[in-house]
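Following: one structure in structure tokens, then a few remarks.
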Amino acid sequence: MTRPVALDNVLHQDLRVAFRYGAAFGDAANQLLIFPTEFEAAQREFPILFREEPQEGLQAVVLTGLDRDENLFFDGQRWTSRYVPALQQRGPFSIGIPGDGADPDEGPTVHIDLDDPRVGVDDGEPLFLPQGGASPYLEHVSKVLGRIHAGLGAAAPVYALFRELDLLEANAIEVTLHGGRRYVIEGFQMLSRERLDALPVADLDRLRQAGLLGQAYMVASSIGNISALIERKNAQAADR
């Protein structure tokens with residue numbers, strides 16, 4: 001159960017939060033949700049795939065492992081990749097959206113889950129400076145939350161355009177490890193490089209005008225990161 005409250009520089013002046021990852025916080029998963037605002041950073045590390053959810057609709061995820069509850073980029077305490085998905089970076093923080101009747105000029109606010117075990121620990125990072133300003137850690141969290149907020153707003157129109165241009169295709173990924181163990185990754189859609197290359201000029205212009213042409217190529221190329229995933233899995237097997 002969570003107890004999120006709006007962060008206040010007076011009430012929470014002395015509050016400290018541990019910058020900590022762990023399986024209990026969702027880091028040990030073989031696929032993690034990301035947003036279009038993360039495509040550029042995520043494509044350097046992970047394969048980016050799309051899955052259809054009954055209620056949420058189409059969502060983008062990064063593939064981080066081959067077995068269930070396996071993240072080959074997480075060693076149990078820290079991420080070993082150069083980029084960590086924003087939802088994992090945010091820690092016990094979330095975005096507070098003003099409700100009906102709120103000041104129209106009031107934007108999203110930072111909320112914190114006071115029941116999270118990372119909150120209120122003596123060895124944690126301070127959230128506020130002695131004079132009341134945001135600490136470097138809180139500034140980082142605010143940027144991460146901003147990326148999530150922008151990504152939430154961008155996701156539906158971005159994915160709708162990918163679909164309208166018929167860029168997504170269901171295609172199983174087959175992986176064979178050094179020992180002969182074989183995986184077939186199904187249930188996802190990929191952004192097809194072949195379909196992207198075959199688009200008529202008018203559709204390419206639509207992607208370009210939406211600021212998505214480069215991102216589309218990044219997502220399509222990210223499938224090449226499957227090889228890095230295989231290398232990590234083979235290295236894990238060799239260490240056992």
Side-chain angles (χ1 to χ4, degrees), residues 1-46 55-56 59-62 64 69 71 73-156 158:
M1 184 173 181
T2 62
R3 185 163 53 107
V5 299
L7 197 60
D8 185 284
N9 66 345
V10 175
L11 293 176
H12 305 124
Q13 170 66 44
D14 299 321
L15 193 64
R16 289 176 173 266
V17 175
F19 190 73
R20 185 184 303 156
Y21 296 107
F25 309 126
D27 294 292
N30 70 347
Q31 51 183 280
L32 293 164
L33 184 68
I34 63 167
F35 303 103
T37 45
E38 302 179 78
F39 283 168
E40 183 173 357
Q43 60 88 28
R44 299 189 182 103
E45 297 281 336
F46 316 106
Q55 295 183 349
E56 294 84 357
Q59 294 186 325
V61 298
V62 289
T64 56
D69 298 327
N71 183 347
F73 299 87
F74 181 66
D75 67 5
Q77 293 185 330
R78 67 183 185 91
W79 281 73
T80 58
S81 54
R82 292 167 295 178
Y83 181 73
V84 177
L87 285 177
Q88 306 311 121
Q89 286 192 58
R90 69 174 175 168
F93 300 92
S94 59
I95 305 165
I97 306 297
D100 294 337
D103 184 339
D105 295 328
E106 184 181 353
T109 57
V110 176
H111 280 53
I112 184 170
D113 177 10
L114 296 178
D115 289 333
D116 190 289
R118 293 168 288 190
V119 175
V121 294
D122 292 337
D123 62 344
E125 297 290 332
L127 299 181
F128 297 101
L129 301 174
Q131 63 270 28
S135 70
Y137 175 50
L138 183 55
E139 288 181 349
H140 167 73
V141 167
S142 297
K143 290 179 181 177
V144 170
L145 292 177
R147 192 177 307 133
I148 293 171
H149 182 62
L152 283 166
V158 168

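If you're wondering where the values come from, they're calculated on a predicted model, not measured in any experiment.
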Partners meeting salt bridge (Lys or Arg N to Asp or Glu O under 4.0 Å) with Asp75 (sequence neighbours left out): Arg78

Close side-chain approach of Phe25 and Pro117, heavy atoms under 4.5 Å: yes

For the student: nearest non-hydrogen atoms of Ala28 and Asn71, plus distance: CA-CB, 4.1 Å

Residues that Arg118 engages under side chain to side chain donor-acceptor pair (under 3.5 Å), provided they are two or more places apart: Asp116

Donor-acceptor pair, side chain of Thr64 and main chain of Ala29, under 3.5 angstrom: yes

For Tyr83, all residues meeting side chain to side chain donor-acceptor pair (under 3.5 Å), sequence neighbours excluded: Glu38

Non-neighbouring partners of Glu40 that pass salt bridge (Lys or Arg N to Asp or Glu O under 4.0 Å), sequence neighbours left out: Arg44

Spacing of CD belonging to Gln89 relative to NZ belonging to Lys143, to within rounding of 0.5 Å: 11.5 Å

Where Arg16 and Asp122 come nearest, the two heavy atoms and their spacing: CD-O, 3.7 Å

Minimum-distance pair of heavy atoms, taken over all atoms of Pro108 and Ile95: CB-CG2, 3.6 Å

Parallel, tilted or perpendicular: rings of Phe93 and Tyr137 (30°, 60°): perpendicular

Steps toward side-chain contact (heavy atoms from CB on, under 4.5 Å) verdict (Phe46, Leu32): CA-CA 10 Å; Phe46 316 106; Leu32 293 164; over 6 Å; no

Non-hydrogen side-chain atoms of Phe128 and His12 separated by less than 4.5 Å: yes

Partner set under side chain to side chain donor-acceptor pair (under 3.5 Å) for Thr80, not counting sequence neighbours: Arg232

Rounded distance [0.5 Å steps], CG in Asp27 versus CZ in Phe73: 13.5 Å

Gap separating the OG atom of Ser94 from the CG atom of Leu7, nearest 0.5 angstrom: 10.0 Å

Distance (rounded to the nearest 0.5 Å) between Ile112 CD1 and Leu127 CG: 5.5 Å

Any donor-acceptor N/O pair, Gln13 side chain to Leu129 backbone, under 3.5 Å: yes

Donor-acceptor contact below 3.5 Å, side chain Glu45 vs main chain Arg82: yes

Gap separating the CG atom of Leu114 from the NE2 atom of His111, nearest 0.5 angstrom: 10.5 Å

For Val121 against Ala18, the heavy-atom pair lying closest together: CG2-CB, 3.6 Å

Within 6.0 angstrom of Gln55 CD, more than 12 heavy atoms from elsewhere: no

Contact check, side chains of Val119 and Asp113, non-hydrogen atoms, under 4.5 Å: no

Ignoring hydrogens and angles, write down the donor-acceptor pairs under 3.5 Å from the side chains of residues 145-153, residues two or more places apart or on other chains.
none

Asn30 CG to Asp69 CG distance, which is reported to the nearest 0.5 Å: 7.0 Å

Considering all heavy atoms, the nearest Ala60-Leu33 contact: O-CD1, 3.3 Å

Side chain to side chain, Leu87 and Phe35, heavy atoms closer than 4.5 Å: yes

pair Gln88-Trp79: side-chain heavy atoms closer than 4.5 Å: yes

